[in-house]
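Please read all numbers here as calculations on a predicted model, not as lab measurements. Here is how names work: the chains are called A, B, and so on, in the same order as the sequence lines, proteins then strands, and each is numbered from 1.
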Amino acid sequence: MKARKNSGASNPPVVAGLRRLRRTELPADTVRLARYLIGKTLVHSTRGGVVVSGRIVETEAYPPGDPSGHAFRGKTASNGSLFLERGFAYVYFCYGSSFMMNVSSERPGIGAGVLIRALEPLHGIGLMRRRRGGAPLRDLARGPGRTAAAMAIDRRYDGLDLCGRHSLWLAAPTRRRGVLAVSPRIGITRAVDHPLRFYERGSRFVSRSSR
DNA sequence: TATGCGATATTCT
DNA sequence: GAATATCGCATAG
């Protein structure tokens, strides 16, 4: 029998309340998608039934033709997911230690995406903390590499449809979004002044304050 | 809190 | 061989 209320300590927290985003809800435009994703939820349900999720509080746009974008030099064996239609995962490995996830944007055949840079942990915080070596709550997903680690996202998820019925998906917000703030992007060497980083103002889970 | 630095592997030159 | 959309630790203030 099923508990009608969420009183059981071992029950996963109100995951049924999370509604999958449909692709038609995602703006096709890269910058608009980057803004749209702030406040949305990223969900990863494991086979064991544990659900890990977080509010997206920081993104960066890498629009078509951006010299700092991975698609800038054209399609290769590793960046193909950026050229899919919007809503697919592009996962790559960087600096010898970190995976990072983008959400593909624009139309099929156009290489662009939105980097997910930070989450505010919502569900499965115990599992996230284990995956992150016992880091404090604030640091569990503060930064793109930490986000991928906390969500157990690796190369296997490259090319996955985040709007499909898979274990990793995008969901509607759990509460209203705060004020959106804008700054230059982090860690790049070209087009460094473009205001293409978006974050929720005041969030303690954002990777860095703008300068 | 801010800054500096080394580790690390994949990709493209 | 070089570059890289980073992290964690160290140190100083």
Open item on the list: Whole angstroms only, please: what is the CD-P distance between A:Glu58 and C:dA5?
Closed with: 16 Å
Task: C:dC9 pairs with, by Watson-Crick or G-U criteria that keep both distances under 3.5 Å - done: B:dG4
Open item on the list: Whole angstroms only, please: what is the CE-P distance between A:Met100 and C:dC7?
Closed with: 6 Å
TODO: Return the value, rounded to whole Å, for the distance between atom CD1 of A:Ile186 and atom P of C:dT6.
DONE: 8 Å
- [ ] Would you state whether a donor and an acceptor, one from the side chain of A:Tyr92 and one from the base of C:dA5, lie under 3.5 Å apart?
- [x] yes
Task: Shortest non-hydrogen contact between A:Arg204 and A:Arg142, atoms and distance - done: O-CD, 3.8 Å
- [ ] State which residue, out of A:Arg117, A:Arg55, A:Lys40, fulfils the salt bridge (charged side-chain N to carboxylate O under 4.0 Å, His left out) condition with A:Glu200.
- [x] A:Arg55
TODO: Check the distance between C:dA3's C1' and A:Phe93's CZ and give it to me in whole angstrom.
DONE: 15 Å
TODO: Write down the distance between CD1 (A:Ile188) and C1' (C:dA5), rounded to a whole number of angstrom.
DONE: 7 Å
- [ ] Considering just the side-chain nitrogens and oxygens of A:Arg190, establish if one lies under 4.0 Å of OP1 or OP2 belonging to C:dA5.
- [x] no
Open item on the list: Regarding A:Arg155, tell me which of base, sugar-phosphate or nothing describes its non-hydrogen contacts under 4.0 Å with the strands shown.
Closed with: sugar-phosphate
Task: Hphob cluster co-occupancy, A:Phe99 + A:Val114, side-chain heavy atoms under 4.5 angstrom - done: yes
Open item on the list: Using every non-hydrogen atom in the two residues, find where A:Leu115 and A:Pro144 come nearest and quote the distance to one decimal.
Closed with: CD1-CB, 4.2 Å
- [ ] Take the protein atom CG of A:Asp139 and the nucleotide atom P of C:dT6, then report the distance between them rounded to whole Å.
- [x] 16 Å
Task: Side chain of A:Thr189 (C-beta onward), nearest among C:dA5, C:dT4, B:dT8 - done: C:dT4
Task: Side chain of A:Ser98 (C-beta onward), nearest among C:dC7, B:dA9, C:dT4 - done: C:dC7
Open item on the list: Between C1' on C:dT6 and CD1 on A:Ile116, what's the gap in Å once rounded to a whole number?
Closed with: 17 Å
Task: Ion pair A:Arg197/A:Glu58, N-O distance below 4.0 Å - done: yes
TODO: May I ask you to check whether over 12 heavy atoms, not counting those of A:Arg23, lie within 6.0 Å of atom CZ?
DONE: yes
- [ ] Return the 5'-most residue of the pair A:Arg132, A:Tyr90 with respect to DNA chain C, ranking by each residue's nearest nucleotide.
- [x] A:Tyr90
Task: Short N-O contact, A:Glu120 and A:Arg175, less than 4.0 angstrom - done: yes
TODO: Specify the residues of residues 63-80 of chain A, ordered by number, for which at least one heavy atom lies under 4.0 angstrom from an atom of DNA chain C.
DONE: A:Ser68, A:His70
TODO: Quickly work out the A:Met101 CE to C:dT6 P distance and round it to whole Å.
DONE: 15 Å
Open item on the list: Taking 5.5 Å and 30° as the limits, would you call A:Tyr95 and the base of B:dA7 a stacked pair?
Closed with: no
